[in-house]
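Inspection log for the structure reproduced underneath, given as C-alpha cells.
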Amino acid sequence: MDIILSLHSRLAYVVLTVLVLALLNGFWGLLAKRSFGNRDLRLSLFALIFSHIQLLIGLTSYFVSPYFSAWENGMGAVMKDSTLRLFLVEHPTTNILAIVLITMGWSLHKKATTDSKKFFRIAVFYGLGTLLLLSRIPWEQWL
Ligand code: HEM
C-alpha cells in the first residue's frame, strides 16, 4: 500500500501550498478592500477540495500504515511513544479538526453578505486550519 502513503506524502505539498495561497489571498483581499470575485472563489474552493481529498487519503493511510499494527500493544504503549502518538493520535485528530475549520470557513464565507466578511472568514478559518496542520506534520520523516 506504498502508493497510498506516497500519494498522501506528495499531495501534502499541494494542499499546504494552495491553502497558504488561499489564506494570504483572503488577508490581501480584506486589506485591499477588493470585491470578492471569481478568482477568489475558485482559489478558496481548490483549497477546500484538495484538503478534503487529502483527508480521505489520510484516513486510508491510517489503516495501511506500518504504524497501525502498534495498536496491538494497547493504548498505553502508543501514548508512551512520541512517534507512535504523533502518527496514530495527534496527526489524525488535529488534521481532522483542521479540515473541519477549513470547511466551516468555506460555508461561512458563502453565507457572508459583504465582500470583506467573505475575505475575513476565508482568511481566519483557513489560517487557523493551516496552523493546526503545520503543528502536527511529521517534519523529520517528511522532508
Ligand atoms: C490535510 C490534512 C493532512 C496533511 C497535510 C497530512 C500530511 C502528512 C504528511 C506530510 C505526512 C508525512 C508523509 C511522509 O512521511 O512522507 C503524513 C503522514 C501520515 N498521515 Fe497525514 N496528513 C493529513 C491528514 C491525515 C489524516 C486525516 C490522517 C488519518 C486519519 C492522516 C494519517 C497519516 C498517517 C497514518 C501517516 C503516516 C504514514 C506512514 O508513513 O506510515 N493524515 N501526513
Side-chain angles (χ1 to χ4, degrees), residues 1-32 34 36-112 114-143:
M1 283 300 162
D2 283 355
I3 189 159
I4 304 273
L5 298 179
S6 152
L7 194 61
H8 188 63
S9 174
R10 282 153 208 246
L11 193 64
Y13 290 101
V14 182
V15 174
L16 293 174
T17 307
V18 187
L19 272 172
V20 169
L21 288 177
L23 79 91
L24 288 180
N25 183 65
F27 280 115
W28 182 63
L30 187 65
L31 293 177
R34 282 195 295 112
F36 195 94
N38 218 352
R39 206 184 124 268
D40 306 302
L41 185 91
R42 257 184 285 151
L43 184 55
S44 318
L45 183 60
F46 266 130
L48 178 83
I49 292 171
F50 277 115
S51 313
H52 280 215
I53 295 173
Q54 180 71 332
L55 173 73
L56 294 179
I57 299 173
L59 286 168
T60 318
S61 301
Y62 194 83
F63 299 101
V64 300
S65 164
Y67 294 111
F68 185 67
S69 58
W71 281 120
E72 286 165 12
N73 304 322
M75 182 81 157
V78 169
M79 296 309 272
K80 253 183 258 158
D81 183 314
S82 64
T83 306
L84 293 176
R85 196 171 61 236
L86 175 64
F87 283 107
L88 295 175
V89 182
E90 295 172 355
H91 177 78
T93 49
T94 310
N95 290 5
I96 289 170
L97 184 64
I99 309 288
V100 168
L101 284 172
I102 291 164
T103 311
M104 281 171 65
W106 171 259
S107 324
L108 290 172
H109 114 276
K110 283 210 296 185
K111 294 200 180 90
T114 63
D115 288 332
S116 63
K117 273 189 190 156
K118 285 183 197 285
F119 281 124
F120 180 79
R121 290 173 183 182
I122 291 290
V124 170
F125 282 87
Y126 280 34
L128 288 174
T130 306
L131 281 180
L132 282 184
L133 291 179
L134 293 177
S135 77
R136 288 297 175 277
I137 293 277
W139 295 104
E140 280 173 27
Q141 185 186 296
W142 186 38
L143 298 177

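Order of appearance sets the numbers: ligands from 1, and atoms from 1 within every ligand. Worth knowing before you read on, the calculation uses all heavy atoms, side chains too, and leaves out hydrogens, waters and symmetry mates.
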Practice task
Would you mind checking which non-hydrogen protein atom is closest to atom 41 (O) of ligand 1, with the distance to 0.1 Å?
Solution key: S65 OG, 2.6 Å
Handout entry: For atom 27 (C) of ligand 1, closest protein heavy-atom neighbour
Key = L55 CD1, 3.6 Å
Handout entry: Element-labelled atoms of ligand 1 that are located less than 4.0 Å from some non-hydrogen atom of P66
Key = 41 (O)
Completion exercise
Heavy-atom proximity to atom 21 (Fe) of ligand 1, picking from H8, E140, Q141, points to H8
Practice task
Write out the residue and atom name of the closest protein heavy atom to atom 5 (C) of ligand 1, then the distance separating them to 0.1 Å.
Solution key: Q54 NE2, 3.9 Å
Problem - Protein residue, atom and distance nearest to atom 33 (C) of ligand 1, heavy-atom basis - result: H91 CD2, 3.4 Å
Handout entry: For atom 3 (C) of ligand 1, closest protein heavy-atom neighbour
Key = N95 ND2, 3.3 Å
Problem - Nearest-contact summary for atom 16 (O) of ligand 1 - protein heavy atom, Å - result: S9 OG, 2.7 Å
Practice task
Closest by any non-hydrogen atom to atom 36 (C) of ligand 1: pick that one out of F87, W142, F50.
Solution key: F87
Exercise for the section: Examine F68 together with Y62 and report whether their ring centres are nearer than 6.0 Å. Expected result: yes
Completion exercise
shortest atom 38 (C) of ligand 1-to-protein heavy-atom contact is with L5 CD2, 3.7 Å
Problem - Close N or O approach (Y62, ligand 1; < 3.5 Å) - result: no
Handout entry: Nearest-neighbour protein heavy atom for atom 9 (C) of ligand 1, which is reported as residue plus atom name and distance
Key = P138 CD, 4.0 Å
Exercise for the section: Decide whether the shortest distance between a heavy atom of V64 and an atom of ligand 1 is less than 4.0 Å. Expected result: no
Handout entry: Near-ring test F63/W71, centroid separation under 6.0 angstrom
Key = no
